[in-house]
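Worksheet: the structure to be examined is printed underneath.
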There are 2 protein chains.
Amino acid sequence: MTATTPRVRGEYAKTAARRQAIIAAAVEVFSSTGFHKGSLRDVADRAGLSQAGLLHHFPSKHHLMQAVLTWRDDQAQARFDFDAGGLDTLRALVDLVEFNQTETPELVELFAILSGEATAPDHPVHDYFLRRYAVVLDFVRAAFAELAETGQLRPGVDGTSAARSTVAVMDGLQIQWLYDRDSVDMAAEVRRHIQSLVTVEL
Amino acid sequence: MTATTPRVRGEYAKTAARRQAIIAAAVEVFSSTGFHKGSLRDVADRAGLSQAGLLHHFPSKHHLMQAVLTWRDDQAQARFDFDAGGLDTLRALVDLVEFNQTETPELVELFAILSGEATAPDHPVHDYFLRRYAVVLDFVRAAFAELAETGQLRPGVDGTSAARSTVAVMDGLQIQWLYDRDSVDMAAEVRRHIQSLVTVEL
DNA sequence: GTCTATATACTGATAGAC
DNA sequence: GTCTATCAGTATATAGAC
């Protein structure tokens, strides 16, 4: 009986629910303090079990952190249409920013803090973010490249550069938003930025 | 005898040098691990004195962190011409990015990590970053506003929005650069971004 | 699967000699 | 001004009962 055994019914349903509750608690803790400062005891308390009990499900703090990131990736992949292509990809990107701001503000916090913390080469999830940025940048770059082929890219705009600045605007705005949530509309700003790079209406 | 007593000669020169060495060591430590994970013992070791000895100069970890930020602000103020005005302000901004990337990469790390960590309202330097972003954003906004008066702003561009996106690009690029230093030219990207907002040659 | 108890290590800060 | 010694707190992780 592995982890791929059906989880909705049977003796593993409770375990799966437990794991999910722990991950949710971990998001709460790590999003407000980062990985280093966040404690397993705090996570365990919020999940309603002891710290040793938590370590039965995730053998180490590092494993828990990885589980959180994997869970979040699965969530994003289910919601976001990565295969839209060209302009629709960029529209979906703006929608994602809007969704994150209104529906999952804790995950915005989590990634804002972790992406900074994990720049240190020996950080437990450094490699995750290294790969993540490579993938995201290449993905956005491909979208701009598609637009270039159909002449929808503003003259003089380079695809790689456009991808870099677009991702940078998204990340930078998250920081500003976390310091002053009422006066920053992340989606609107990202939309404006992308609009300044293309010739067609977003 | 206060801290404003001449430091170059006399019995206070050594103390000032000691404090400076400690601050330099603190930049090293906090820039690679952040405030929470960075330890006073590590800082003390690098500065060549005991942990208790360090606490004679800075009564707490929080005080040391504040001293680092204040020192950095003084440095920046001495180098950066804040009163240039209009287009020259924006040019100085690009120069600053270039300078930081080539001359003070550790401070880029420090601010990238801390600006994320300190989004938590109870972080020791949360208020510092809150105020810092308010000041910087208003400063850049004023520069764009000056350009608007002389018709040097691209039609449809709002000063506040331009300031937000410009600062966001700067912050976001720092993260990307820290993950892949060889393939990101921060100054060039910032210049490109600002150029897309104004009608005159930067 | 969950618990209590604990091992081990490290933290920031203090006390007091010199 | 700097040190050694130490305190009290917290951390992750493990051992073993149930």
Side-chain angles (χ1 to χ4, degrees), chain A residues 1-3 5-7 9-26 28-30 32-68 117 120 122-125, chain B residues 1-3 5 7 9-26 28-30 32-68 114 117 120 122-125:
Chain A
M1 297 296 177
T2 69
T5 306
R7 287 171 177 166
R9 282 166 162 265
E11 68 252 44
Y12 299 103
K14 262 193 246 173
T15 292
R18 236 344 180 201
R19 284 176 61 95
Q20 187 49 52
I22 292 169
I23 287 176
E28 282 183 42
V29 172
F30 293 147
S32 57
T33 64
F35 175 78
H36 289 314
K37 174 78 174 181
S39 80
L40 292 179
R41 212 169 290 268
D42 193 358
V43 175
D45 286 350
R46 289 170 196 250
L49 81 172
S50 71
Q51 188 236 6
L54 185 156
L55 286 173
H56 167 77
H57 296 277
F58 303 95
S60 76
K61 191 183 185 182
H62 178 217
H63 280 87
L64 174 57
M65 180 80 265
Q66 288 283 9
V68 168
E117 241 190 19
D122 57 346
H123 191 284
V125 291
Chain B
M1 299 296 178
T2 68
T5 306
R7 286 172 177 165
R9 285 170 160 261
E11 67 253 43
Y12 298 103
K14 263 192 246 173
T15 293
R18 214 35 156 171
R19 284 176 60 95
Q20 188 48 52
I22 292 168
I23 287 176
E28 282 184 40
V29 173
F30 292 147
S32 58
T33 63
F35 175 78
H36 289 314
K37 175 80 174 178
S39 80
L40 291 180
R41 236 168 203 100
D42 194 358
V43 175
D45 286 350
R46 288 170 197 250
L49 82 174
S50 72
Q51 188 235 5
L54 185 157
L55 285 172
H56 167 77
H57 296 277
F58 302 96
S60 77
K61 190 183 186 183
H62 179 214
H63 281 88
L64 174 58
M65 179 81 267
Q66 289 283 7
V68 168
L114 282 184
E117 242 190 19
D122 58 345
H123 191 283
V125 292

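Quick note on labels: first sequence line is chain A, next is B, and so on, each numbered from 1.
Summarising the geometry, the separation between NZ on A/Lys14 and C1' on C/dG1 is reported as 10 Å, rounded to the nearest angstrom. In this entry the distance linking NE2 of B/His36 with P of D/dT10 reads 15 Å, nearest Å. Separating the CZ atom of A/Phe58 from the C1' atom of C/dT2 is a distance of 15 Å, rounded to the nearest angstrom. As a whole-Å value, the separation of B/Leu54 CG from C/dA13 C1' is 12 Å. Per the geometry, NZ belonging to B/Lys37 stands 13 Å off P belonging to D/dA11, to the nearest Å. For A/Asp45 and D/dT12, the CG to P distance is 12 Å, given to the nearest whole Å.
The structure places CZ of A/Phe58 at 11.0 Å from CG of A/Leu40, a figure rounded to the nearest 0.5 Å. The line from CD of B/Glu117 to CG of B/Leu114 is 6.0 Å long, rounded to the nearest 0.5 Å.
For the helix from C/dG1-D/dC18 to C/dC18-D/dG1, the end axes, each set by the C1' atoms of five terminal pairs, are bent relative to each other by 0° (nearest 10°).
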Could you pull out every donor-acceptor pair under 3.5 Å between side chains of residues 59-67 of chain A and any protein atom, sequence neighbours left out?
| residue | atom | partner | partner atom | Å |
| --- | --- | --- | --- | --- |
| A/Ser60 | OG | A/His62 | N | 3.4 |
| A/Ser60 | OG | A/His63 | N | 3.2 |
| A/Ser60 | OG | A/His63 | ND1 | 2.7 |
| A/Lys61 | NZ | A/Phe35 | O | 2.7 |
| A/Lys61 | NZ | A/His36 | O | 3.3 |
| A/Lys61 | NZ | A/Gly38 | O | 2.8 |
| A/His62 | NE2 | A/Gln66 | NE2 | 3.3 |
| A/His62 | NE2 | A/Pro124 | O | 3.2 |

Name every donor-acceptor pair, under 3.5 Å, that has one atom in a side chain of residues 44-57 of chain A and the other anywhere in the protein, sequence neighbours excluded.
| residue | atom | partner | partner atom | Å |
| --- | --- | --- | --- | --- |
| A/Arg46 | NE | A/Asp42 | OD1 | 3.1 |
| A/Arg46 | NH1 | A/Glu28 | OE1 | 2.7 |
| A/Ser50 | OG | A/Gly53 | N | 3.0 |

Listing time: all N or O pairs from protein to nucleotides 13-18 of chain D that are below 3.5 Å?
| residue | atom | partner | partner atom | Å |
| --- | --- | --- | --- | --- |
| D/dA13 | OP2 | A/Lys61 | N | 2.8 |
| D/dA13 | N7 | A/Gln51 | OE1 | 3.4 |
| D/dA13 | N7 | A/Gln51 | NE2 | 3.2 |
| D/dA13 | N6 | A/Gln51 | OE1 | 3.2 |

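Here the side chain of A/His56 is nearest to one of C/dT2, D/dT12, C/dG12, namely C/dT2.
Contact annotation: A/His57 reaches the phosphate of C/dT2 (side-chain N/O to OP1 or OP2, under 4.0 Å).
A/Val29 and A/Thr33 make their closest contact through O-OG1, 3.0 Å (heavy atoms, listed as atom of the first residue, atom of the second, distance).
Using a 4.0 Å heavy-atom criterion, one finds that B/Ser50 contacts the bases of the nucleic acid, with or without backbone contacts as well.
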